[in-house]
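Just the heavy atoms: all of them, side chains too, but no hydrogens, waters or symmetry mates, feed the values below. In listed order, ligands and their atoms are each counted from 1.
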Amino acid sequence: MILTEAKEFKAGKNYPDLTGKRVINAFFEPSTRTQYSFMVAESKLGMLPINFNVETSSVKKGESLYDTLKTFEMIGIDALVVRHPANNYFLELDKIQIPILSGGDGTGNHPTQSLLDLLTIQEEFGKFAGLKIAIVGDIRHSRVAHTNIDVMTRMGMEVSICGPEQFNDSSAPYIDYELALKEMDIIMLLRVQFERHGYDLALNRETYYEEFGLTEERVHSMKDHAIIMHPAPYNRGVEISNYAVECSKSRIMKQMHNGVYVRMAVLKRAFSE
Ligand code: CP
């Protein structure tokens with residue numbers, strides 16, 4: 001349903017009217033794509049987006065997440081989009097009566113990223129069942145990987161993971177990288193999240209690139225029809241080469257574009273319930 005509606009919105013059809021609904025985008029972690037594509041989605045639906053600045057808020061005086069968000073409800077905000085570094089941050093928010101949309105929680109989940117990934121895959125292949133995907137890199141710290149492994153498996157896709165041993169959290173079967181490149185329909189790269197593991201990486205940037213970087217040569221070893229995905233932001237010269245970012249197999253720009261339409265669809269759903 002969300003993907004169907006996202007495709008309609010992408011075609012410029014059937015926009016719901018959410019004119020005048022106030023939404024706060026409360027990002028307690030940095031974000032470019034999620035935060036600003038939610039803003040664009042909100043604007044397209046006639047909503048009134050307000051961006052929350054943690055640094056100038058009473059969070060700096062020690063106000064809790066719940067007390068901050070409850071305040072927004074009390075002053076007349078109609079919905080919240082929240083990204084927070086704590087896994088399952090939403091479990092402490094059950095007394096909030098307005099819709100809360102996830103912009104990602106810690107290393108837990110990133111639902112709208114998964115939806116835009118699914119839309120991109122559906123547009124490419126017209127199906128999910130039977131497709132083979134390898135998610136490559138910093139699996140352990142990736143909310144994108146954790147949601148996609150769960151969701152894509154449920155959609156009938158064959159999901160494998162690969163990357164350095166220290167990032168392997170056994171959340172899916174492991175596959176050798178060079179084999180994955182030859183066999184997969186989709187290679188989904190992940191950003192090495194240096195900020196989450198204190199730069200304590202057994203491989204340095206150069207050796208990571210040598211062992212797991214998607215170089216031009218590796219792109220050419222992929223199947224003819226296979227595609228490259230990455231949630232971004234990316235570390236050029238670590239997990240991905242300049243060549244791979246915008247080569248003909250890359251769907252990374254399309255993922256970013258599709259983010260607007262799936263976020264329109266989830267906003268519509270939030271106000272339909
Ligand atoms: N893919 C993603 O969540 O990007 P941002 O962190 O820039 O929102």
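- Within 6.0 Å of CE in Met74 there are more than 12 heavy atoms belonging to other residues, nucleotides or ligands.
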For salt bridge (Lys or Arg N to Asp or Glu O under 4.0 Å), just list the numbers for Lys10 and Glu5, CA-CA rounded to whole Å, side-chain angles, deciding distance to a tenth of an Å, and then say yes or no. CA-CA 8 Å; Lys10 193 172 176 180; Glu5 288 191 332; over 6 Å; no
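- Asp150 pairs by the salt bridge (charged side-chain N to carboxylate O under 4.0 Å, His left out) definition with Arg154, not counting sequence neighbours.
- With rounding to the nearest 0.5 Å, the separation of CG in Leu65 from NZ in Lys70 is 13.0 Å.
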Report, one line per pair, each donor and acceptor closer than 3.5 Å where one atom sits in a side chain of residues 181-188; sequence neighbours left out.
residue : atom : partner : partner atom : Å
Asp185  : OD1  : His225  : NE2          : 2.6
Asp185  : OD2  : Lys132  : N            : 2.7

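- For Tyr177, the ring-ring contact (aromatic ring centres under 6.0 Å, His included) criterion is met by Phe212, not counting sequence neighbours.
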Less than 3.5 Å apart, N/O on ligand 1 and N/O on the protein: could you list those pairs with the distances?
residue  : atom  : partner : partner atom : Å
ligand 1 : 1 (N) : Gln113  : OE1          : 3.0
ligand 1 : 1 (N) : Pro231  : O            : 2.9
ligand 1 : 1 (N) : Ala232  : O            : 2.9
ligand 1 : 3 (O) : Thr34   : OG1          : 3.0
ligand 1 : 3 (O) : Arg83   : NH2          : 3.0
ligand 1 : 3 (O) : His110  : NE2          : 2.8
ligand 1 : 4 (O) : Arg33   : NE           : 3.1
ligand 1 : 4 (O) : Ala232  : O            : 3.3
ligand 1 : 6 (O) : Arg83   : NH1          : 2.9
ligand 1 : 7 (O) : Thr32   : N            : 2.8
ligand 1 : 7 (O) : Arg33   : N            : 3.0
ligand 1 : 7 (O) : Arg33   : NE           : 3.2
ligand 1 : 7 (O) : Arg33   : NH2          : 3.1
ligand 1 : 8 (O) : Ser31   : OG           : 2.6
ligand 1 : 8 (O) : Thr34   : N            : 2.9
ligand 1 : 8 (O) : Thr34   : OG1          : 2.7
ligand 1 : 8 (O) : Arg83   : NH2          : 3.3

